[in-house]
Amino acid sequence: MNDAPFILRCFDCGHTHPPEEIRYRCHCGGTLDVEHDLRRVSQQASFDLFDRRLGARWPEDRSGVWRYRELILPFVDVDLVCRGEGNTGLYESPGIAAYASVKRLALKHEGENPTGSFKDRGMCVGVTMAKRLGCARVACASTGNTSASLAAYAAVSGLDGVVFIPSGKIAFGKLSQALAYGATTLQIEGDFDDAMRLVQEVSNRAGIYLLNSVNPFRIEGQKAILFELLQDRGWTVPDWIVLPGGNLGNSSAIGKALIELKTLGWIERLPRLAVIQAHGANPLYRMVHEGLERLVPVRGAETVATAIRIGDPVSWKKCRRALEATNGVVEEVTDEEILAAKRVVDAAGIGAEPASCATVAGLKKLVESGVVDPEADICGILTGHVLKDPQVVVDAHRDDLVSVEMDIEAILAALNR
């Protein structure tokens with residue numbers, strides 16, 4: 001790698017590109033990987049260093065992303081964009097574990113990030129890179145969470161944010177964030193995949209820095225979910241990590257992080273990954289269970305879990321790498337199963353958006369089918385805050401709303417019922 005801390009390598013053809021070239025795909029069309037000089041990483045970083053940074057006064061050291069910067073964006077002269085991302089809770093709930101029929105379950109709640117989803121981890125890295133490259137505008141296509149995160153981090157950094165959203169396909173809890181943080185919000189006819197095609201063409205023609213997960217630096221930031229999860233556990237590896245699958249950036253990132261830690265010799269084994277898709281947006285599930293070599297997009301993807309309502313995920317090849325490395329599995333769940341799991345997660349006082357609850361619904365299904373041992377040590381990822389899809393929450397609990405007269409006796413009677 002000469003003296004560069006990393007290079008960009010095409011996932012398909014293996015061609016390498018300079019680390020600071022504005023490029024999202026190789027000339028062959030393949031997506032790019034950030035390939036770190038792990039020899040250098042082993043000399044500069046360690047789990048002990050990451051632990052010491054937890055108690056530092058410098059915000060970037062306490063950040064749940066920049067704490068691990070040697071494995072994410074190891075430039076020493078870069079002005080890091082930081083909003084206190086990461087440091088999310090790892091929760092154990094006997095009620096949720098019982099619902100999934102498992103003995104040990106801990107849920108990493110990425111909804112506790114600054115804008116309410118895991119997207120902040122990748123966005124702080126992507127926006128940092130945009131600033132380093134001298135870009136004035138950043139853009140994304142989004143079903144909601146990415147737009148909220150981009151808008152916030154662009155505003156903090158003094159950049160102009162542009163988001164493309166599919167018409168009628170975004171929850172108000174997410175749309176309101178993009179608008180509030182001042183991003184130029186363009187609503188287009190079509191679904192997320194149509195918006196994704198448009199934003200790539202517009203970004204290329206207008207010189208805007210693209211910050212969807214096709215951007216390799218977004219994936220690097222999302223690796224921090226895995227690093228922090230292991231740090232929460234004293235650097236011990238669970239048996240399973242279960243997470244939702246939409247554009248498949250998270251599963252790709254977590255798989256890449258695990259492979260790097262194993263290559264470094266910092267962990268002795270890899271957990272198994274379980275990626276859960278919604279039945280109405282399940283191209284990865286179909287590819288795996290039908291034994292296909294390539295992913296076939298699902299046109300008109302539809303599910304109540306808006307964050308994973310994606311029919312043509314850009315990171316499917318990287319996700320396949322993660323599944324192969326970890327002997328992983330893919331499951332699908334219906335909207336009814338997602339909402340049933342959501343009731344349990346919400347009632348536990350944790351709460352999460354519907355896409356997050358696909359994690360619990362999918363785990364329950366994998367235990368019932370015998371794929372996951374009920375005695376296994378399991379961690380699940382909740383990707384977004386409970387208020388990201390407020391209409392879904394209200395609709396799901398409408399029958400729980402009790403109307404009473406303004407009368408003490410009526411209120412007491414209602415409470416007794």
Side-chain angles (χ1 to χ4, degrees), residues 5-6 8 19-24 32 34 36 45 50 53-54 56-88 110-142 145-163 174 177-178 180-185 199 203 207-228 249-250 253 257 384-385:
F6 62 84
L8 297 176
E20 296 188 74
E21 180 180 353
I22 298 181
R23 175 182 286 274
Y24 319 106
L32 301 176
V34 175
H36 293 274
F50 301 152
R53 284 177 176 164
L54 267 174
R57 296 184 63 185
W58 193 44
E60 287 79 356
D61 273 355
R62 296 198 306 273
S63 162
V65 172
W66 298 121
R67 187 186 316 148
Y68 317 105
R69 52 191 173 272
E70 288 82 2
L71 272 165
I72 292 175
L73 192 67
F75 291 124
V76 296
D77 60 339
V78 68
D79 182 16
L80 303 180
V81 177
C82 179
R83 273 202 64 196
E85 51 284 328
N87 296 304
T88 58
E110 291 298 292
E112 295 176 356
N113 272 284
T115 73
S117 85
F118 73 92
K119 302 288 187 178
D120 294 343
R121 292 191 189 258
M123 200 59 68
C124 69
V125 179
V127 172
T128 295
M129 200 63 191
K131 289 185 65 178
R132 181 180 176 88
L133 295 169
C135 301
R137 290 189 291 178
V138 291
C140 71
S142 178
N145 285 331
T146 305
S147 66
S149 186
L150 177 141
Y153 277 88
V156 164
S157 306
L159 305 181
D160 292 331
V162 182
V163 300
K174 303 170 185 180
Q177 288 178 285
Y181 292 131
T184 299
T185 304
V199 75
S203 294
I208 304 173
Y209 193 61
L210 182 61
L211 281 176
N212 279 100
S213 56
V214 69
N215 185 310
F217 298 105
R218 276 275 314 279
I219 299 296
E220 291 305 293
Q222 288 166 216
K223 291 190 317 186
I225 300 171
L226 184 277
F227 299 149
E228 190 175 280
N250 259 355
H385 195 277

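Here the structure is a predicted model, which means the values were calculated and not measured. We count residues from 1, following the sequence as given.
Here E60 does not pair with R69 in a salt bridge; the nearest charged N to carboxylate O distance is not below 4.0 Å.
Residues S142 and V163 form no side-chain contact, since every pair of their non-hydrogen atoms from C-beta on lies 4.5 Å or further apart. In this structure the side chain of V34 reaches within 4.5 angstrom of the side chain of L8, judged on heavy atoms.
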> Please walk me through it: do H385 and E112 pass side chain to side chain contact (heavy atoms under 4.5 Å, CB included)?
Replying inline: CA-CA 7 Å; H385 195 277; E112 295 176 356; 5.9 Å; no
>> Applying side chain to side chain contact (heavy atoms under 4.5 Å, CB included) to R121 and T88, what does each step give before you reach the verdict?
In response: CA-CA 11 Å; R121 292 191 189 258; T88 58; 3.4 Å; yes
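Under the 3.5 Å distance criterion, the side-chain polar atoms of D120 are left unmatched by any main-chain donor or acceptor of E85. Distance alone, capped at 3.5 Å, places no donor-acceptor pair between the Q222 side chain and the F118 backbone. Remark: side-chain polar atoms of N113 are paired, donor with acceptor, to backbone N or O of G86 under 3.5 angstrom. A donor-acceptor pair under 3.5 Å links the side-chain atoms of R62 to the main chain of R57, judged by distance alone. The backbone N or O of L210 sits less than 3.5 Å from a side-chain atom of N215, completing a donor-acceptor pair. Remark: side-chain polar atoms of Q177 are paired, donor with acceptor, to backbone N or O of T115 under 3.5 angstrom. Using a distance-only test at 3.5 Å, with no hydrogens or angles considered, no donor-acceptor pair links the side chain of R67 to the main chain of R53. Side chain of T128 to main chain of V81: a donor-acceptor pair is present (N/O by atom type, distance under 3.5 Å, no hydrogens or angles). Judged by distance alone, with hydrogens and angles left aside, the side-chain atoms of N145 form no donor-acceptor pair with the main-chain N or O of K119 at under 3.5 Å. Between the K131 side chain and the D79 main chain, no donor and acceptor come within less than 3.5 Å of each other.
When all heavy atoms are compared, the tightest approach of V156 to R83 is CG2-CD, 3.6 Å. When all heavy atoms are compared, the tightest approach of A178 to T185 is CB-OG1, 4.2 Å. For the residue pair L150 and G161, the shortest heavy atom distance occurs at CD2-CA, 3.7 Å. Listed here is the closest heavy atom pair of A224 and I72: CB-CD1, 4.0 Å. Smallest separation of non-hydrogen atoms from V127 and S157: CG1-OG, 3.2 Å. Across all non-hydrogen atoms, the minimal contact from Y153 to P114 is OH-CG, 4.0 Å.
Atom CE of M129 and atom SG of C124 lie 13.5 Å apart (nearest 0.5 Å). With values rounded to the nearest 0.5 angstrom, F227 atom CZ is found 4.5 Å from L71 atom CG. Atom CD1 of residue I208 and atom CG of residue D160 lie 9.0 Å apart, to the nearest 0.5 angstrom. Between D61 atom CG and L80 atom CG the span is 9.5 Å, to the nearest 0.5 Å. Within the model, atoms OG of S213 and OH of Y24 stand 13.0 Å from one another, a figure rounded to the nearest 0.5 Å.
Applying the side chain to side chain contact (heavy atoms under 4.5 Å, CB included) test between C135 and each of L211, I22, L159 identifies I22 as the sole match.
A search for ring pair (Phe, Tyr, Trp, His ring centres under 6.0 Å) contacts involving Y181 returns nothing, not counting sequence neighbours. In this structure F217 satisfies the ring pair (Phe, Tyr, Trp, His ring centres under 6.0 Å) test together with F6, sequence neighbours excluded.
Classified by interplanar angle (parallel below 30°, tilted 30° to 60°, perpendicular above 60°), the ring pair F50/Y68 is perpendicular.
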